[in-house]
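Just so it is clear, the values below take in all heavy atoms, side chains as well, and ignore hydrogens, waters and symmetry mates. For clarity, every value in this text was computed on a predicted model and none was experimentally measured. Each chain gets a letter, A, B and so on, in the order its sequence line appears, and its residues count up from 1.
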Amino acid sequence: MNEFITNHLLSLIIFVPLIGATVILFIPNNQRLLIKIASLVSAAIPLLLCYPLLNEYNSASAQFQFVERANWIEYFNIEYYIGIDGLSISMVLLTAMLSFICIIASWNIEHWKVNKGIKGYFCLFLLLQTGMTGVFCALDFFLFYVFWELVLLPMYFLIGIWGGPRREYAAMKFFLYTLVGSVLMLVVMLALYFTSNKDGAFTFDLLWYKENASKILTSWGSKWVMVGFVGLFIGFAIKVPIFPFHTWLPDAHVEAPTPVSVILAGVLLKMGVYGLLRISYCVFPDAAIQFSPIMMILGAVNIIYGAMCSMAQIRGVPRLDKSTGQMTIEQDWKKLIAYSSVSHMGYCLIGMAAVTTAGITGAVFEMWNHGIITGALFLLVGVLYDRAHHRNINEFGGLWAPMPYYGGITAVMFMASLGLPGLAGFISEALCLIGGFQASDPTNYYLGISGAYFYKILTGICAIGVVLGAGYFLWSYQRIFLGSLNTKYAGISDISTRELITIVPLLIITILLGIQPTLMTDLFINSVKEFVSFIGMPWITTG
Amino acid sequence: MDYNWIETGLQLSRPELLIIGGTVAVIMLSIFKQLSRTFLFLCSCAILIGAGYITLLDIQSYTGQTILFKGAIGYDKFSLFFKMLFIAIAFITMLFSYPVIKNWTSGFVEFLSLLLCCTLGMIYMASSRTFLMMFLNLEFVSITSYIMAGLLRHNKKSIEASLKYIIYGAGSSGIMLFGMSFLYAITGSIDVYTVGNTLRHLDLPNSFYLITSILILAGFAYKMAIVPFHMWCPDVYEGAPTPVTAFFSTGPKIAGFAMMIRFVDGVFGKGSSPFEWQLIFIIVSVLSMLIGNLTALQQNNLKRLMAYSGIAHAGYMALIFLTFTQDSIGSLLFYSVIYSIMNLGAFITIIILEKYYNIDNIQSSAGFAYTNPFLAICLSIFMFSLVGLPPFAGFFSKLLVFMSVIKPLNYLTLFAILVAVITTVISLFYYVKIIGAMFLKQGGNFTITERVSLILNAPMAILALATVAIFITDWDWLFEFCKSCSL
């Protein structure tokens, strides 16, 4: 039994939630507590299994570990092939942790505005967890694609059924956007499959693609390699989301219920970044080098544009309600945080454009930190929303007085998100910016600027994003927590124990990693070094 | 005179003989008023099970190619495969139509016997080797279909469906016959393979091929419901009794494909041919995908929506003619199996909605999922599978067709694949519209007069389960079997 667990650790982490979901299907509808406990257990087991995973994980090696390999569809050489390295282990941990926390955050589901049966909700949630973990573990492109699509279906229902007033629109938009991306991915995947030749047979093996990237380059030609890269890039960029493919994100985030927003921001966005790192970059390293300046520009646009959109929520955005024909001023706290996600993902892009050790470490670390911090922020928004039933920034004020604990925790998480030194967010953002600054390619000119200065100038522009971030976070904090108390909310209750259980672990991690970031970075530093030397940007000196 | 060929021919067509005998027996037995409807229904089921069993035995042992009845009928794994598939489709259709037809005042026995007749016609469509047999069997299937579409004699829509079907059918099969007469006049033969061999030695102008191909395609495309011969489809689907629609959307459509494959294989052959007939198929399949999917977007009636979805799926299936290799024919056979499973399943849900809840369009199904979650979940599975999303079997059937087409990568195939991929995304919109209405919208109360019959629920659950199970298990045996059955 013990041996079975150690040999199939990853499979268990992936599929235990699915088994749990199947079990829940057979629990009668009125056994509400039993359903909740069953789903809590099914989410807790993967989290507990992460302990032996971390224990046995050898961080000194850049190789794939916990590899499991079996034939799935022999005729097409499709394999069940999973394993993790430094790039994915943090994501597996993050998924297990956030899913567990979100199950606890869903505990008060009966009191939500939309109360449509809890069995379906928890089943879909656990199915979602299986899909997400699978994406981060799959080493077979086909398997990756299947898990990628598997995430879509439960997400559509979770947003569409349990979401806010515009849930149908948001769910459909999310579904269509992502499907467009995955279909592009499918075409590139098939093209790769039919040009592969592993021992005389076609293959979907991602590691084979990586090892034979130069062969793919010669057989495709640099023009088609770029086409393939862009195809994959759009597919992943929709998920990240990268400007201009980001418009599904504010809708989906705002309409989704709190735990689903946490998963959306915490894990789903990371699937895009992870896909870029694991597939686009590793299969088409040559195109990635060519694409680097564009990635840099997109990163800068993401940071500044996302921050500006967040800022706009402070001032208020006039919006026409199509059904009533009324103009409303939208000042949505949740939308502010949703746009701040767009901004934060920009830092990942800068790090990835540079592909230096600092840059990629920063990008991978930012993926983790953003998951923790923004996840916590969405939970915090949910806490207030559950009490006040709206999220309008301007209608609060002086909440610190009735909710001191809540105000304190929010302050720390805001500081972490805006990049205050001493908290986790600062380290990763700084690393990304350092990475961007290191990049210089004096032989080329981009937009009329020498490559020696191009990256530095853009990094400088990106640094403005940090200031903007401070702006919107501090302003929104001021509006909600400081000033005179809105008498309507004089009797509002402070954060409850259950809510504390969901947020405090994230708070502790944020502070701990801010002080001692090597706890996390040591896990993936060797994989990152291997990745950087594999891509081999012109400014990377070998040796 | 040597009459051996009659004996061999009859020996190898036992399932067909069983169906013929059984049909006659069912009609005869219906004269006796004492016999209950259930008995007649069970008899018809038994006939199909028997025929299916014999075919199953044949298909396991048989390899090779026999030509029966002096070249009229081809007896090979290809025809055996379709024989099996059509019997299965007819059996499932018969099962789930029982709760609907048992209350009809008239037309009960007609339905059973016509379904059996139509199955026979479809089987012969898939095994015809001569123009004469092709035309006769196409007409056989069509005429039985006309009557089946009009079985609800007092329903104006049903009569309209029947009449529209007849007019379109008569027109297009006439055109097809005209095209075939061209080929006969040039080659002096009605056997498709002889015609093909003779044509290869003649140096004919391209315009000749173009005109004959288009003329003949009219007849086939009408059965397959491919643009531009699809106009009858939505009206007939809407007007015909729903079990009949379910049958039309799978059986005769697939039979059209089977016959088309045999025809193309015989006349043009695999590999190079004197005429680039693939171009015609690119046009019709791209048009089908576009028109089918785009028009479906605006549909509200469930049966009309399924009609356009069927047109779109015919477009995806017709993609295989671009390459027309053993692989791509195999993937079409695989597609037709999966498509039958999904489509029959989807129609069972529509029958339940119509019969028990009086819902026939998307709007009125709003919020239905909270009345009967089991049905809504099954419907979602079929719909997602029809889109071609993993983890459902529809993903693989679509993928295999794409994979078999993309292999000789050139601009034409790339164009066709891109259209297919884009229309797949478009199709998501209307399939999910149904799911969205059921799960996401608030809706009224749905009262139910009686419990949903097990005979409807069980096949629905089994088909839904199959849709998921085929994805998860290693289904390569099914594909390899399909490939071994391809021409």
Side-chain angles (χ1 to χ4, degrees), chain A residues 18 25 29 70-78 80 114 116-117 119-120 123-124 127 130-131 134 142-143 145-153 156-163 167-172 175-187 189-191 193-195 202 224, chain B residues 327 330 334 366-367 369-370 373-374 376-377 380-381 383-384 387-392 395-396 398-400 402-409 414 417-418 420-429 431-433 435-442 471-480 482-483:
Chain A
L18 184 67
L25 267 184
N29 254 327
N71 278 327
W72 178 17
I73 298 154
E74 257 174 89
Y75 189 85
F76 292 99
N77 225 346
I78 296 169
Y80 176 73
V114 189
K116 281 195 174 159
K119 198 156 111 181
C123 281
L124 288 169
L127 183 63
T130 293
F142 194 87
L143 192 66
Y145 185 81
V146 168
F147 280 125
W148 180 275
E149 294 280 284
L150 190 64
V151 170
L152 268 181
L153 304 181
Y156 168 76
F157 287 110
L158 285 173
I159 298 174
I161 300 179
W162 286 274
R167 55 178 181 270
E168 272 172 62
Y169 170 77
M172 195 67 211
F175 206 156
L176 273 182
Y177 264 65
T178 322
L179 194 70
V180 170
S182 39
V183 154
L184 281 174
M185 195 160 74
L186 181 73
V187 174
M189 181 174 99
L190 288 184
Y193 177 72
F194 283 118
T195 45
F202 297 135
W224 284 102
Chain B
D327 253 14
F334 186 77
Y370 304 98
F374 171 64
I377 290 170
S380 313
I381 290 176
M383 291 298 151
F384 282 133
V387 181
L389 285 179
F392 304 109
F395 172 67
F396 279 130
K398 230 174 219 184
L399 186 74
L400 284 181
F402 292 177
M403 274 163 87
S404 69
V405 173
I406 208 170
K407 233 178 265 174
L409 191 63
L414 193 67
I417 289 293
L418 277 180
V421 160
I422 292 166
T423 49
T424 300
V425 177
I426 295 172
S427 77
L428 173 84
F429 201 80
Y431 289 123
V432 170
K433 203 162 83 173
I435 301 169
M438 290 197 166
F439 281 95
L440 272 48
K441 285 214 165 70
Q442 310 283 350
F471 183 92
I472 296 167
T473 52
D474 46 349
W475 42 267
D476 22 353
W477 65 270
L478 183 58
F479 179 63
E480 269 178 77
C482 289
K483 228 181 106 175

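In this structure, the portions of B/Lys441 lying under 4.5 Å from any heavy atom of chain A include both its backbone and its side chain. With a 4.5 angstrom heavy-atom cutoff, A/Val146 touches chain B via backbone and side-chain atoms both. Heavy atoms closer than 4.5 Å to chain B are found nowhere in A/Leu184, neither backbone nor side chain. With a 4.5 angstrom heavy-atom cutoff, B/Ile472 touches chain A only via backbone atoms. B/Phe384 touches chain A through its side chain: at least one heavy atom from C-beta onward sits under 4.5 Å away, while N, CA, C and O do not. Proximity to chain A (any heavy atom under 4.5 Å) is restricted, for B/Phe395, to the side chain, taken from C-beta onward. Contacts of B/Phe439 with chain A are made by both backbone and side-chain atoms, with heavy-atom separations under 4.5 Å. For a residue to count as touching a neighbouring chain, one of its non-hydrogen atoms must lie under 4.5 Å from one of that chain's; by this rule A/Ile73 touches chain B with backbone and side chain alike. Looking at B/Leu399, the atoms closer than 4.5 Å to chain A (heavy atoms on both sides) all sit in the side chain, from C-beta outward.
Considering only heavy atoms from C-beta on, A/Thr178 stays 4.5 Å or farther from A/Glu149 through its side chain. Within the 4.5 Å cutoff, the side chain of B/Phe402 has heavy atoms near those of the B/Ile417 side chain. Proximity of A/Ile161 to B/Tyr370: side-chain heavy atoms (C-beta onward) are separated by under 4.5 Å at one or more points.
A donor-acceptor contact shorter than 3.5 Å links the side chain of B/Lys398 to the backbone of B/Val387. Judged by distance alone, the side chain of B/Asp327 and the main-chain N or O of B/Ser404 form no donor-acceptor pair under 3.5 Å. Between the side chain of A/Tyr193 and the backbone N or O of A/Phe76, at least one donor-acceptor pair lies under 3.5 Å.
Taking CD1 of B/Ile435 as the reference point, atom CD1 of B/Ile377 lies at 11.5 Å (rounded to 0.5 Å).
Ring orientation note: the planes of A/Phe142 and B/Phe396 are close to parallel, at an angle under 30° on the 30°/60° scale.
Ranked by non-hydrogen atom pairs under 4.5 Å with chain A, the options B/Val432, B/Ile422, B/Leu418 are led by B/Val432. With respect to chain A, the highest number of heavy-atom pairs below 4.5 Å among B/Ile426, B/Val421, B/Leu428, B/Leu400 belongs to B/Leu428. Counting heavy-atom pairs under 4.5 Å between each of A/Val187, A/Leu153, A/Ile78, A/Leu150 and chain B puts A/Leu153 at the top.
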